[in-house]
Amino acid sequence: MAFLLQWGPVRALVRRGPGRVAASSVLVAAASGLVALSVVPAVAAPVVPPPVRPEDRAGDHLTVVVRHAGTGQDGTYELFCHPAGGSHPDAAEACRALDGRTRWGRDLFAPVAPGTPCTLLYGGPATARVTGTWAGRRVDAAYDRSNGCATGRWDRMVPLLPEQGPEVQARRPGRAGWLVGFS
């Protein structure tokens with residue numbers, strides 16, 4: 001942006017009597033006024049925030065990776081809570097269940113304590129890994145169904161993890177895909 005200053009009016013101000021003003025101060029004042037005006041935009045454009053990335057969302061975020069759980073159950077699912085969303089097949093219910101089980105000072109995703117007596121009841125080949133953030137804490141938990149304790153731990157995380165067992169199909173019809181039992 002270029003501005004033209006006429007020297008004639010500036011010279012007239014400088015030549016006037018006892019209250020003379022230096023030409024350089026008049027030029028500086030005129031130039032600074034023009035610079036100040038050039039900073040203000042002629043039309044204020046609306047401020048548009050950048051698009052929201054998954055890691056920028058407020059609330060809790062978990063990634064669930066399920067393997068060997070059966071047709072329609074294996075895969076990677078994103079779960080956002082507060083508000084509920086993501087690619088998890090039952091995000092709202094999973095968030096409600098996790099909220100209901102969360103207790104201050106307790107790790108909801110803690111593994112079975114070493115030395116805990118467990119039955120040798122095998123619950124199937126399904127495995128899962130849950131990572132992310134829940135209740136302000138980092139989560140990195142592994143699940144399987146290798147014995148009674150591990151199966152019970154898995155079952156307590158339903159519907160975050162898919163329900164397993166041969167009776168699932170008969171007990172919860174119409175929920176195929178996420179809740180189909182293994183064969």
Check [X] against [Y] and note the closest heavy-atom contact, atom names and distance.
X: Asp155; Y: Arg145; answer: OD1-NH1, 2.9 Å
X: Ala69; Y: Asp74; answer: N-OD1, 2.7 Å
X: Ala141; Y: Tyr143; answer: CB-CE1, 3.7 Å

Out of curiosity, [X] [atom1] to [Y] [atom2], how far, rounded to the nearest 0.5 Å?
X: Leu161; Y: Arg129; atom1: CG; atom2: CZ; answer: 12.5 Å
X: Leu98; Y: Asp60; atom1: CG; atom2: CG; answer: 8.5 Å
X: Trp134; Y: His82; atom1: CH2; atom2: NE2; answer: 4.5 Å
X: Arg137; Y: Thr102; atom1: CZ; atom2: OG1; answer: 10.0 Å
X: Phe109; Y: Arg138; atom1: CZ; atom2: CZ; answer: 11.5 Å

Could you tell me if Glu163 and Gln73 have a donor-acceptor pair between their side chains, going purely by distance under 3.5 Å? no
*asked:* Just by distance, no angles: are the side chains of Glu78 and Ser87 close enough, under 3.5 Å, to form a donor-acceptor pair?
replied: no
Those residues at least two apart in sequence (or on a different chain) that pass salt bridge (Lys or Arg N to Asp or Glu O under 4.0 Å) with Arg96 are Glu93
For the side chain of [X] and the backbone of [Y], is there at least one donor-acceptor N/O pair under 3.5 Å apart?
X: His61; Y: Cys81; answer: no
X: His88; Y: Pro159; answer: yes
X: Trp154; Y: Cys149; answer: no
X: Thr116; Y: Val112; answer: no
X: Arg153; Y: Ala110; answer: yes
X: Asn147; Y: Thr119; answer: no
X: Arg103; Y: Leu108; answer: no

Side chains of Val130 and Leu160: closer than 4.5 Å at any heavy-atom pair?
yes
Take Thr76 and Arg67 through the side chain to side chain contact (heavy atoms under 4.5 Å, CB included) test and state the conclusion after the steps. CA-CA 9 Å; Thr76 300; Arg67 300 282 180 250; 4.3 Å; yes
Only one of Leu62, Thr63, Val65 passes side-chain contact (heavy atoms from CB on, under 4.5 Å) with Thr131, and that residue is Thr63
